[in-house]
Amino acid sequence: MPTTRIAFQELPPAVIAAVERHTGPILKVEPASEGFNSEVAARVFTENDGCFVKGMRSDHRRIWTQWREIEVSRFLTDLAPELLWHAEEGGWNLLGFELLEGCHADYSPGSPDLPKVADLLRRLSETPCPGVELRQAEQRLESYAATPTDLDFFAGNALLHTDLNNANVLVDDSARLVDWAWATRGAPWLDAGYWVIWLMAAGGHTPESAEQWASHIPTWRAAPSAGLTAFAVANAAMWQEIGGDSPDPWTDRLVIASRDWARYRSSL
């Protein structure tokens, strides 16, 4: 379930003061509408600079996502905005990130962003997985795989983002990924597979054209065909469970895209 969002200005004064110890006096705040995980998400601006602030109450049931981002951030050079500071004050846990100037990636067919996202995923696939505690991809998909042996395809030691929602990809001269709360360890081609689903959900992409973009990432080209099919089937089951009997329009796009991809892969 999405986390209820509050305005940055509604934080207790002591918490805002803790942020200003890192940023200097805040002159302007712009709320961020994207994202589902944070209770607070905003762009804050000072006289000379700005940063992106996200966070949640320290006793939130998903507070572990804040620590996950802290742990992996130092390994994400040129892949993600830099983590500038971390503040805990008054029962709140907040992170301050480099403020990127780019726009959310456009996944539509023919978009000039697509080659940049493909290059981003190629660079990510070449990044060593840090020696920090991460969930395993096969654990996350355990309830959705068609057979227990399918889980073997998803295991690996690559660093994965796993949420290729275009709102998590900011593009200017290059592309970078934000929101690493669900960073995972697994097979190096899985993020390209997640991208296929999001490309199809964006509209205009067939399974074939979406896979053609995924094929720009070398790890995808090296993946076993049976593993790709198993992954597609598992994701279709996952999104069907998330959507339930009456999915909202946003979720329904993912239900349909994952189902269509699984049908395509199963027909090969």
Interatomic distance, [X] atom [atom1] to [Y] atom [atom2] [nearest 0.5 angstrom]:
X      : Y      : atom1 : atom2 : value
Ser258 : Tyr194 : OG    : OH    : 11.5 Å
Leu76  : Glu82  : CG    : CD    : 11.0 Å
Leu141 : Asp150 : CG    : CG    : 10.5 Å
Ser125 : Ile217 : OG    : CD1   : 7.5 Å
Asn235 : Trp239 : CG    : CH2   : 8.5 Å
Ile242 : Leu254 : CD1   : CG    : 8.0 Å

[X] side chain near [Y] side chain, heavy-atom distance below 4.5 Å:
X      : Y      : answer
Arg122 : Pro218 : yes
Thr23  : Phe45  : no
Pro31  : Phe8   : no
Pro81  : Val178 : yes
His22  : Leu84  : no
Cys129 : Leu134 : yes

What closest approach, in Å, do [X] and [Y] show between heavy atoms, and which atom pair accounts for it?
X      : Y      : value
Thr184 : Gln136 : CG2-C, 3.8 Å
Leu199 : Trp213 : CD1-CB, 3.9 Å
Met200 : Thr206 : CG-O, 4.2 Å
Val44  : Val29  : CG1-CG2, 4.1 Å
Gly102 : Leu170 : O-CD2, 4.1 Å
Ala183 : Arg68  : O-NH1, 3.5 Å

query: Going through the checks in order, is the side-chain contact (heavy atoms from CB on, under 4.5 Å) test met by Leu100 and Asp172?
result: CA-CA 9 Å; Leu100 300 181; Asp172 46 28; 5.6 Å; no
Can you see whether [X] engages [Y] through a side-chain donor-acceptor pair at a distance of less than 3.5 angstrom?
X      : Y      : result
Ser108 : Ser111 : no
Thr162 : Arg140 : yes
Thr46  : Asp49  : no
Asp248 : Thr251 : yes
His161 : Asp179 : no
Arg123 : Ser174 : no

query: Can you tell me if Arg43 uses its side chain to pair, donor with acceptor, with the backbone of Phe52 under 3.5 Å?
result: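 Checking the backbone N and O of Phe52 against the side chain of Arg43, no donor-acceptor pair under 3.5 Å is found.
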- prompt: Quick one: does Asp113's side chain have a donor or acceptor within less than 3.5 Å of a partner on Ala105's backbone?
  reply: no
- prompt: Does Trp261 have any side-chain hydrogen bond (donor to acceptor under 3.5 Å, both in side chains) partners at least two apart in sequence or in another chain, and if so, which?
  reply: Glu211
Please determine whether residues [X] and [Y] belong to a single hydrophobic cluster, defined as Ile, Leu, Val, Met, Phe, Trp and Tyr linked transitively by side-chain heavy-atom distances below 4.5 Å.
X      : Y      : result
Val19  : Leu95  : no
Met238 : Ile197 : yes
Val72  : Leu120 : yes
Trp250 : Trp195 : yes
Phe154 : Trp182 : no

- prompt: Does the pair Leu177 and Leu164 meet the rule for a side-chain contact (heavy atoms from CB on, under 4.5 Å), with working shown?
  reply: CA-CA 8 Å; Leu177 275 164; Leu164 272 294; 4.2 Å; yes
Taking the basic N atoms (NZ, or NE/NH1/NH2) and the acidic carboxylate oxygens, is any pair closer than 4.0 Å for [X] and [Y]?
X      : Y      : answer
Glu138 : Arg185 : no
Asp119 : Lys116 : no
Lys54  : Glu69  : yes
Lys28  : Glu47  : no
Arg57  : Glu39  : yes

field: Test log, rule side-chain contact (heavy atoms from CB on, under 4.5 Å), inputs Trp180 and Leu159
entry: CA-CA 11 Å; Trp180 286 80; Leu159 175 63; 4.2 Å; yes
field: Step-by-step side-chain contact (heavy atoms from CB on, under 4.5 Å) determination, Ser266 to Val233
entry: CA-CA 8 Å; Ser266 298; Val233 169; 3.8 Å; yes
query: Angle class for the Trp220/Trp189 ring planes (parallel below 30°, perpendicular above 60°, tilted otherwise)?
result: perpendicular
Considering residues, nucleotides and ligands other than [X], do more than 12 of their heavy atoms fall under 6.0 Å from its [atom1]?
X      : atom1 : result
Asp152 : CG    : yes
Glu208 : CD    : yes
Glu142 : CD    : no

- request: Show your reasoning for whether side chain to side chain donor-acceptor pair (under 3.5 Å) applies to Asn93 and His60.
  value: CA-CA 10 Å; Asn93 186 304; His60 193 282; over 6 Å; no
query: Are Trp198 and His205 close enough that their ring centers fall under 6.0 Å?
result: no
